[in-house]
2 protein chains.
Amino acid sequence: MISNSSKYAVKAVLYLAVNSSEDHKILAKDISTPTNIPKAYLSKVLQELSRHNIVSSVRGPGGGFYLSKENIKTPLMKIIQVMDGDNRLTSCMLSLQECDAEHPCPMHDLVGNTKVNFVKNLEENTVGDLVKDIKAGKSFLPL
Amino acid sequence: MISNSSKYAVKAVLYLAVNSSEDHKILAKDISTPTNIPKAYLSKVLQELSRHNIVSSVRGPGGGFYLSKENIKTPLMKIIQVMDGDNRLTSCMLSLQECDAEHPCPMHDLVGNTKVNFVKNLEENTVGDLVKDIKAGKSFLPL
DNA sequence: AGATTAAAAGACATTTTTATCCTTTATATG
DNA sequence: CATATAAAGGATAAAAATGTCTTTTAATCT
Ligand code: FES
Ligand code: FES
């Protein structure tokens with residue numbers, strides 16, 4: 001549904017959102033361990049996220065990763081777009097040029113609305129919104 | 001969302017459902033051309049589908065692929081399970097052991113119901129059901 | 001039986017995704 | 001300034017997905 005890289009990205013960003021702040025930065029290896037993401041691979045993911053201003057990073061002693069106030073407003077969709085490209089979730093299930101209710105493929109109605117809703121949710125909900133749920137005990141961060 | 005192999009499988013099965021019958025079998029290459037699926041790869045997909053009784057095949061002169069009355073009753077979900085395994089669509093987006101509303105991951109609510117609905121639709125709708133829509137002009141087979 | 005047809009099966013090649021390792025650059029601190 | 005720290009970047013490796021090619025088996029027809 002989403003790539004491993006996207007999963008890693010979301011898990012890492014949420015971990016940072018819950019545990020880090022500008023004056024409590026976290027090292028890649030200290031995200032790797034609790035989230036069960038391979039260190040070296042996670043570093044690449046964080047690099048990419050940093051390049052797209054989804055996470056913030058500082059090098060050197062006392063450095064690490066954290067989420068700025070701006071970062072926390074990132075819509076979930078952006079993370080997935082950066083990792084998986086624009087159309088993994090929006091493209092037609094059977095590879096028609098466009099996924100379009102006017103000219104639907106045979107699978108369109110099986111997934112159509114649900115897919116659109118999902119994408120809408122990803123666009124409307126930010127990292128901060130998910131953190132609210134976690135802090136309210138409504139959802140749980142996986143190991 | 002689903003693999004290329006699954007897309008190919010669904011497209012090929014639908015093509016057979018619309019165009020073939022027990023006394024009008026179709027060669028792999030004659031599915032390949034109209035569906036734009038590479039011949040050799042499609043053959044592998046059809047082989048796998050045949051092994052799981054999703055399509056029927058006969059070798060030798062006058063042979064080819066077709067869908068039996070039984071084949072047409074195949075739920076869409078079975079095709080995707082055979083090609084992509086059991087849990088590509090049902091597993092947790094963030095790789096929790098189970099995707100469970102009782103212990104949801106932070107993304108669960110963004111996708112939860114919609115994913116469940118999609119899987120339900122795939123389980124409830126058969127190849128024959130989709131063909132009905134195609135024949136009624138409600139949906140269109142991609143090239 | 002022999003020849004031809006077409007799927008089944010096996011071997012192999014390419015590409016993409018996932019993963020690891022090593023070097024370089026930026027930052028902080030003594 | 002020298003040194004340590006930690007991310008950034010580059011190179012490489014392993015695994016999985018995708019794609020191709022060749023040989024084998026089963027069916028049909030002369
Ligand atoms: S047209 Fe194919 S999924 Fe929408
Ligand atoms: S628990 Fe993660 S998607 Fe359902």
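Just so we're on the same page: letters track the sequence lines, and every chain starts at 1. In what follows, every heavy atom counts, from backbone to side chain, and hydrogens, waters and symmetry copies are set aside.
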**Message:** Return the CE to CG distance between B:M107 and A:N125, rounded to the nearest 0.5 Å.
**Reply:** 9.5 Å
**Asked** At under 4.0 Å between heavy atoms, what does A:K44 touch on the DNA or RNA strands: base, sugar-phosphate, or nothing?
**Response** base
**Prompt:** Starting at CD of A:Q47 and ending at P of C:dA26, how long is that distance when rounded to a whole Å?
**Reply:** 14 Å
**Asked** For the atom pair CE (A:M93) and NZ (B:K7), what is the distance rounded to the nearest 0.5 Å?
**Response** 8.0 Å
**Request:** Please state how far atom CG in A:L46 lies from atom C1' in D:dG9, giving the value in whole angstrom units.
**Result:** 14 Å
**Request:** For A:H103, enumerate each residue passing the ring pair (Phe, Tyr, Trp, His ring centres under 6.0 Å) test, keeping only those at least two apart in sequence or located in another chain.
**Result:** B:F140
**Asked** So, the side chain of A:K115 versus the backbone of A:S91: is there a donor-acceptor pair under 3.5 Å, distance only?
**Response** yes
**Message:** Between the base of D:dG19 and the side chain of B:K39, is one N or O donor paired with an acceptor at under 3.5 angstrom?
**Reply:** no
**Asked** Between A:E123 and A:K120, is there a salt bridge with N-O shorter than 4.0 Å?
**Response** no
Quick one: which protein N/O atoms are closer than 3.5 Å to N/O atoms of nucleotides 14-16 of chain C? Pair and distance per line, please.
none

**Complete:** Axis-to-axis angle across the helix from C:dA1-D:dT30 to C:dG30-D:dC1, five pairs each end, nearest 10 degrees, ~ 0°
**Prompt:** Rounding to a whole Å, what distance do you find between A:I2:CD1 and C:dT18:P?
**Reply:** 11 Å
**Request:** Enumerate the residue pairs fulfilling salt bridge (charged side-chain N to carboxylate O under 4.0 Å, His left out) with a member in residues 39-52 of chain A, sequence neighbours excluded, ordered by first and then second residue.
**Result:** A:E48-A:R51
**Asked** Does a side chain donor of either B:S5 or B:Y41 reach within less than 3.5 Å of an acceptor in the other side chain?
**Response** yes
**Request:** Between A:G63 and A:R51, just flag the one whose closest nucleotide in DNA chain D comes earlier from the 5' side.
**Result:** A:G63
**Complete:** Rounded to the nearest 0.5 Å, the CG atom of A:D109 sits from the CG atom of B:D133 at a distance of 6.5 Å
**Item:** Atom pair CG (B:L49) and OG (B:S56), whose distance is rounded to the nearest 0.5 Å
**Value:** 11.0 Å
**Message:** Counting C-beta onward and ignoring hydrogens, is there a side-chain heavy-atom pair between A:L141 and B:P106 closer than 4.5 Å?
**Reply:** yes
Tabulate atom names and distances for all N/O pairs under 3.5 angstrom spanning the protein and nucleotides 14-18 of chain D.
unit_1: D:dT18; atom_1: OP1; unit_2: B:N4; atom_2: N; d: 3.3
unit_1: D:dT18; atom_1: OP2; unit_2: B:S5; atom_2: OG; d: 3.2

**Fill in**
OG1 (A:T126) and CD1 (A:I72) are apart, to the nearest 0.5 Å, by 8.5 Å
**Whole-Å distance separating the NE2 atom of A:H52 from the P atom of D:dA8** = 13 Å
**Message:** As a test of understanding, state which of B:L46, B:T74, B:I31, B:I79 forms a side chain to side chain contact (heavy atoms under 4.5 Å, CB included) with B:V13.
**Reply:** B:I79
**Request:** Rounded off to whole Å, could you give me the CD1-to-P distance for the A:I80 and C:dT17 pair?
**Result:** 16 Å
**Message:** Can you measure A:K25 atom NZ to D:dA7 atom P for me and round it to whole angstrom units?
**Reply:** 11 Å
**Spatial distance of atom OG1 (B:T35) from atom CG (B:L14) [nearest 0.5 Å]** = 11.0 Å
**Request:** Give a yes or no answer on whether the side chain of B:T114 reaches the backbone of B:V111 with a donor-acceptor pair at less than 3.5 Å.
**Result:** yes
Below 3.5 Å between N/O atoms, which protein atoms pair up with nucleotides 28-30 of chain C? Just atom names and distances, please.
none

**Item:** Distance below 4.0 Å between A:S43 side-chain N/O and D:dA8 OP1 or OP2
**Value:** no
**Message:** In this structure, how many angstroms lie between the P atom of D:dG19 and the CD atom of B:E48, rounded?
**Reply:** 16 Å
**Message:** Mind checking if B:S50 touches a base, just sugar-phosphate, or nothing, with heavy atoms under 4.0 Å?
**Reply:** sugar-phosphate
**Fill in**
A:N36 CG to C:dT18 P, in whole Å, measures 17 Å
